[in-house]
Amino acid sequence: MARPNDEVEALLKEYADLIAITGGDAFKVRAYEKAARAIGGYPTDISRLDTSGLREIPNVGRSIAQKVAEYLRTGRMAVIEERRTAIPVGVRELIRIPTLGPKKALRLYEDLHIASVDQLAAAIEADALADLKGFGEKTQENIRHGIEILRTAGGRVSLPLALDTAEEVITALSGVPGCRRCAYAGSLRRMRETVGDLDVLVAARRSAPFMAALCDLPTTGDVIARGAKKTSVRTTKGLQVDLRVLPPESWGAGLQYFTGSKAHNIRTRTIAVHQGLKLSEYGLFDAGSGTSVASRTEEEVYARLGLPWIPPTLREDRGEIEAALRGTLPELVTERDIRGDLHSHTDLTDGLAPLEAMVEAAAERGYAYYAVTDHAPNLYMQRMTEEKILAQRERLRELDGTRHRMRLLHGTELNIGPDGEVDWPGEFLAGFDLCVASLHSHFDQDRATMTRRLVRACENPYVDVLGHPTARLIGRRPGVDADWEEVFAACARTGTALEVNAQPDRLDLCDEYILRARAHGVKFAVNTDAHSVPHLAQLRYGVGTAQRGWLTRDDVINTWPLTRLRRFLRRSVRG
DNA sequence: GCCGTTTTCGGCCCGACTGTTTTCAGTCG
């Protein structure tokens with residue numbers, strides 16, 4: 001959690017917000033935001049860098065490098081502490097409310113001394129904003145609504161909910177006469193772990209019928225904005241959907257633009273400007289004459305900028321532009337590359353389906369191999385015994401190769417105890433084809449203890465995969481605190497693969513940790529941890545996360561042919 | 001505040017919609 005890079009990222013972001021609220025130069029705000037992101041995503045631990053090392057980080061210049069160095073030396077950043085005395089933290093909280101930005105936040109604070117979301121809610125309730133300039137009835141209603149959204153979901157929803165909604169909207173809009181193309185873009189297309197709002201694009205000559213269709217959907221709750229080119233609604237489940245209708249010839253430029261990320265788009269537009277071009281959602285134009293030079297497809301737009309097409313999952317300005325310019329974009333792992341799932345459960349423990357049904361479903365997916373890894377006895381509520389799991393092994397060997405010649409691996413999901421010990425002695429573990437080991441309790445140990453615990457699990461010669469390594473649950477439980485660099489190094493040293501758990505509320509490891517682990521030369525396993533047949537299809541979220549972590553086929557052990565996979569598993573046993 | 005094959009100064013992505021100060025600022029993506 002508290003990696004120095006992350007601490008500094010948060011501080012610089014806070015400083016950017018404080019500058020914005022106090023009405024500082026907007027470009028300065030952006031400079032701090034860019035530096036914050038660059039430092040957060042920088043692979044090297046910044047506490048090892050001196051001022052000149054810091055300045056090598058993109059978007060970090062003399063001034064910011066000095067402030068960061070000051071923080072690393074003293075644990076403080078004087079300029080931020082000064083601003084904090086002028087602007088209470090609660091005022092910064094206000095700008096997290098949708099429709100409320102820095103200008104309105106400052107007015108609320110200066111004129112009414114409102115310094116928290118709760119105070120603002122109370123003030124609206126008491127009708128105390130009535131005389132405030134710029135806060136008409138509609139604005140107040142929007143703020144009230146914004147507070148509600150902030151308080152319920154934190155504003156973001158899971159990938160499956162976003163995807164289901166997107167598919168519903170696209171099905172409806174595709175049926176409207178005149179629809180040439182219809183697709184979702186935004187953070188869903190980039191497969192971010194949560195989605196703030198849904199961006200849907202339509203290519204058509206006339207926009208009105210699509211705006212009407214969206215507003216009339218049974219799942220549409222309120223209409224937030226309705227115009228000729230853009231309409232925004234909020235679904236009854238609270239997800240905002242933004243619809244843009246573009247002329248068909250702008251499809252590629254529109255898709256590129258609305259897929260984002262914002263940071264990626266700023267880079268592509270800047271490249272355009274340097275070539276005497278102008279990039280907007282309508283196309284790539286000659287800046288002088290205004291003639292369109294590319295717009296129909298994303299490939300065409302990127303090509304005209306001198307770039308290969310960049311996969312949406314990489315578009316975060318985390319080095320993909322530089323890699324594209326060098327011609328070194330990774331060949332990302334895809335769902336089709338996955339030859340088998342290495343973490344799954346049956347009704348022998350807490351799964352819903354019997355072994356035969358899970359095996360059948362895995363075979364239907366075309367897997368070359370499939371591992372069954374029911375819980376070991378230390379997760380006591382599962383009541384596992386040696387007899388039960390050996391009986392399962394016997395049955396599994398009978399099924400092996402009988403469904404589309406898919407090979408079956410017999411494994412188990414071990415519980416990593418408080419000191420890093422696992423269920424069952426080595427001689428019993430030696431009988432399994434593979435062992436996943438995961439945290440299921442004692443999440444609040446201090447960093448040093450947790451680090452030792454995880455490293456010890458990796459050092460167990462029978463542990464092949466670290467399952468859902470941080471044990472986070474998105475939106476509900478933060479990941480455990482550990483020195484991850486040390487854990488990743490231990491994984492690399494011992495040949496222990498890190499899981500990219502595909503359950504949409506886990507996605508664990510997350511993309512940023514994957515990037516860091518990859519730098520240590522660690523291998524990964526993209527697994528569903530399926531507890532039922534439908535869970536097997538959640539693999540797509542794990543693959544999306546792996547792509548966001550820049551993983552190639554070679555990085556992911558369950559894309560390998562079985563012989564190579566077996567070699568990896570044996571090597572880790574010899575550890 | 002950062003950056004530079006035009007540059008150490010003068011740019012910094014671009015457009016849409018809302019609400020309201022009715023000609024445009026604020027917010028958003």
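In what follows, chains are A, B, ... by sequence order, proteins preceding strands, each numbered from 1.
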If the [atom1] atom of [N] is compared with that of [M], how far apart are they to the nearest Å?
N      : M      : atom1 : result
B/dC12 : B/dT7  : C1'   : 13 Å
B/dC13 : B/dT20 : C1'   : 27 Å
B/dA25 : B/dT21 : C1'   : 9 Å

Considering every strand and a 4.0 Å limit on heavy-atom distances, what is the contact class for [X]: base, sugar-phosphate, or nothing?
X        : value
A/Tyr15  : nothing
A/Lys104 : sugar-phosphate
A/Asn265 : nothing

Run the salt-bridge test on [X] and [Y] with the 4.0 Å N-O cut-off and return the result as yes or no.
X        : Y        : value
A/Glu193 : A/Arg506 : no
A/Glu316 : A/Arg548 : yes
A/Asp508 : A/Arg472 : no
A/Arg269 : A/Glu281 : yes

Watson-Crick or G-U counterpart of B/dT8, or none if no pair lies under 3.5 Å: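 Across any shown strand, B/dT8 pairs with none.
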Donor-acceptor pair under 3.5 Å, A/Tyr257 side chain vs B/dG29 base: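 Indeed there is one.
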